[in-house]
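Step one of this worksheet: look at the structure below.
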Amino acid sequence: ALAERDDLPVFADIPFPGHGFSMNDLQAEIAGRILAILAEQRPEPGSRLPEQRVAKELSVSRSPVRTAMRFLEAQGFLRSEKGRGFLVARLPEPGEAAQDMPESRLSVIHDRMLRDRALGHIGQEVTEAELAERYGVSRALLARVLARLTGEGLIERLRGHGWGFVEMLENDRAYEDSYEFRIVVECGALRARHFAVDRTRLETMRRQHEDIMARPESVTSEHWFQTNTAFHEMIAEFSGNRYFQQAIRHQNNLRRMREYAEFTGMASERVVQSCREHLAIIEALGSGDLAWAEALLRRHLSQAADYTSLEE
């Protein structure tokens, strides 16, 4: 969630020529998060996207959400109707970003901090004073960065003073151990007694993968990482068991940390192959053949382990 305090200073507004308004850093961050929601949830064009629902999901007030949505309306992603509010106009293509979208300072510091941690430039335990001095930011912005990292499960407050980053996958052996653990947990999730497929969610995931397969060469590593982790977390969520969900989310967060140290593009052929494997599992889940879905998932994770890389 995005942390917001009306009494804290924000960065100067960023003007957008021709749009008739400007956005500050928080509003730009929200616009990016809304675009991510459209890319991940794939709501039907013409469906309503209420300000209040978005504000609640992002834990912010409605005012910055409204400005962010006006910006996305000017970009053609949303449209507004009197009495109905904002509606989805179109969905972003795989890897597409809004034009003129400013790079949020929060995101910049967030990414730099994770990259520095992954490369060993900062220690596992840090203080706010150290971070504020290293990155040259205000305590207000730093608080928002730490809130985002906390929400992602990548850092936690220590007793007394300071913050501690979570462990990360530092070598190939750690990656192999991670995949071995994931095979046990994810395949076990399919056998959970309360396992139930959410067909709407499954169809949304299918469309996301089909969209990627249509233009694999344009998909960024970050976009594929998000889609990939969402797929595996979806299976854990279908189990109805929060411990499966927590375990898989934790594994994805460990992988995310290393991503910032080894962020490189990957072959489109690998993206297509991974999508095919995911789609086969989706097909098995949709037909109710959980035994076949488990066999496909086990093979998928076993093969992915051989790559010891971020993509599957």
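Residues take their numbers from the sequence shown, with the count starting at 1.
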Test applied, side chain to side chain donor-acceptor pair (under 3.5 Å); reference residue, H300; option that passes from Q273, E277, R276: E277

Among R207, R206, R199, R201, side chain to side chain donor-acceptor pair (under 3.5 Å) partner for E203: R206

Measure across [X] and [Y] and return the closest heavy-atom pair with its distance rounded to 0.1 Å.
X: V88; Y: P43; value: CG2-CG, 3.8 Å
X: A132; Y: R139; value: CB-NE, 4.0 Å
X: E73; Y: S80; value: OE2-OG, 2.7 Å

Check whether any side-chain heavy atom of [X] lies under 4.5 Å from a side-chain heavy atom of [Y], and answer yes or no.
X: L190; Y: F238; value: no
X: L87; Y: P45; value: no
X: H232; Y: H278; value: yes
X: I34; Y: L49; value: yes

Could you state the interatomic distance from [atom1] ([X]) to [atom2] ([Y]), rounded to the nearest 0.5 Å?
X: I282; Y: L296; atom1: CD1; atom2: CG; answer: 11.5 Å
X: E186; Y: F181; atom1: CD; atom2: CZ; answer: 10.0 Å
X: S302; Y: R182; atom1: OG; atom2: CZ; answer: 11.0 Å
X: N252; Y: R249; atom1: CG; atom2: CZ; answer: 9.0 Å
X: R144; Y: L149; atom1: CZ; atom2: CG; answer: 13.0 Å
X: I235; Y: L297; atom1: CD1; atom2: CG; answer: 5.0 Å

Ring-face cation contact, F86 with R79, 6.0 Å cut, 45° max: no

Look at the side chain of [X] and the backbone N and O of [Y], then say whether any donor-acceptor pair between them is shorter than 3.5 Å.
X: R66; Y: E51; value: no
X: T150; Y: L146; value: yes
X: Q27; Y: P64; value: no

